[in-house]
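Below is one structure; the comments refer to it alone.
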2 protein chains.
Amino acid sequence: MTDLRPLFVKMALDAWGREVSATSTLLGKLSDDQVMKEVSPGRNRGIYLLGHLTAEHDQMLALLRFQEVMHPELKPVFIDAPDRAVAALPSMHQLREQWTTVNDTLLDHAKRLPPEEWFTRHANISADDFPKEPHRNRLNVLLSRTNHLAYHRGQLVLLAEKG
Amino acid sequence: MTDLRPLFVKMALDAWGREVSATSTLLGKLSDDQVMKEVSPGRNRGIYLLGHLTAEHDQMLALLRFQEVMHPELKPVFIDAPDRAVAALPSMHQLREQWTTVNDTLLDHAKRLPPEEWFTRHANISADDFPKEPHRNRLNVLLSRTNHLAYHRGQLVLLAEKG
């Protein structure tokens with residue numbers, strides 16, 4: 001039988017790459033003022049979602065066993081706490097830059113990982129438990145995080161000019 | 001080598017099932033009045049997104065070569081036209097019912113499709129072209145539609161009570 005792993009990995013990586021790229025394009029179109037606004041009255045601000053997505057993708061570096069997280073200080077502010085719970089946020093300039101470097105770093109590791117390695121365990125399941133739950137692999141992290149990104153991109157797009 | 005197709009299909013189907021189920025739960029919590037509202041000022045109304053998602057999932061029945069679409073009349077209103085372009089929409093009751101039956105029908109077909117069949121072509125690529133682009137298979141439709149659903153679920157959730 002043909003080894004279908006490279007094909008699976010391509011499908012999942014293509015979907016991930018498309019979502020990240022669409023989000024970067026959207027962020028490039030939004031002014032800092034627009035990113036400071038709420039996506040809908042009383043809801044999260046764009047800046048919180050930008051920090052949240054960057055923090056989640058940063059965590060993926062460890063979850064995928066690629067390397068240590070780059071900006072551990074983002075997690076308490078943008079994952080553990082809701083929007084407005086922490087008064088002093090990093091600057092917009094810094095967050096935009098971290099969005100880019102975290103995603104570039106992640107994609108660089110992802111592209112270099114051999115297809116068979118994607119079907120090994122992610123960091124939150126032990127080597128002992130993994131054989132019983134082989135779907136808890138690194139590729140599954142990529143699939144679920146792609147959906148997570150799409151979910152929040154659907155909100156960020158509400159900050160853009162209409163029409 | 002182990003046949004990894006069943007594992008990959010499980011990962012993709014689990015992600016699809018989770019998104020559909022989360023959307024159904026959300027819709028169950030939203031009153032008809034809430035679904036009539038815009039997700040953000042000047043943006044799509046919930047009823048349009050409900051119709052849009054139902055229409056897109058209905059199209060998947062044909063795209064995945066499962067069966068003919070069930071409600072072809074939804075496409076001109078909820079895919080080809082933007083919100084408010086068509087004045088007379090189906091009733092909320094009917095749309096909610098169609099959301100359920102279309103997704104139940106789709107999931108029923110999906111669960112019965114043998115894993116190897118997921119790696120065959122979808123309806124929008126010819127048998128001649130498919131060998132050159134084997135990633136344009138039925139499973140890839142499921143992956144991309146899962147992201148599409150997550151994108152709009154991120155918007156529908158803005159209609160719910162806060163907190």
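Residue numbering restarts at 1 for every chain, and letters A, B, ... go by the order of the sequence lines.
If you chain together hydrophobic residues whose side chains sit under 4.5 Å apart, A/Leu142 and A/Phe130 never meet in one group. In the hydrophobic cluster analysis, where Ile, Leu, Val, Met, Phe, Trp and Tyr join through side-chain heavy atoms closer than 4.5 angstrom, A/Met70 is grouped together with A/Phe78. The hydrophobic cluster containing A/Ile79 does not contain A/Met60, counting ILVMFWY residues as joined when their side-chain heavy atoms lie under 4.5 angstrom apart, directly or transitively. Hydrophobic clustering (ILVMFWY, side-chain heavy atoms < 4.5 Å, transitive): B/Leu89 and B/Leu53 are in one cluster. Under the 4.5 Å side-chain contact rule for hydrophobic residues, A/Val69 and A/Leu95 do not share a cluster.
Considering only heavy atoms from C-beta on, B/Leu158 comes within 4.5 Å of A/Leu158 through its side chain.
Proximity to chain A (any heavy atom under 4.5 Å) is shown, for B/Leu149, by neither the backbone nor the side chain. Only the side chain of B/Asn137 comes within contact range of chain A, judged by heavy atoms closer than 4.5 Å. In this structure, chain A has no heavy atom under 4.5 Å from any part of B/His152. If you measure heavy-atom distances from A/Leu7 to chain B, the contacts under 4.5 Å come from the side chain alone.
With values rounded to the nearest 0.5 angstrom, B/Leu143 atom CG is found 8.5 Å from A/Thr146 atom OG1. Atom-to-atom distance recorded for B/Lys10:NZ and A/His135:NE2 is 5.0 Å, nearest 0.5 angstrom.
Closest approach of B/Ser40 to A/Val39, counting heavy atoms only: OG-O, 2.8 Å. For the pair B/Asn147 and A/Ala15, the tightest heavy-atom approach, listed with the atom from each and the gap, is ND2-CB, 4.0 Å. Contact between A/Glu161 and B/Arg43 at its shortest, heavy atoms only, is C-NH2, 4.1 Å.
Relative ring orientation between A/Phe8 and B/Phe8 is described as parallel, the plane-to-plane angle staying below 30° on a 0-90° scale split at 30° and 60°.
Side chain of B/Gln155 to backbone of A/Gln155: no donor-acceptor contact under 3.5 angstrom is found.
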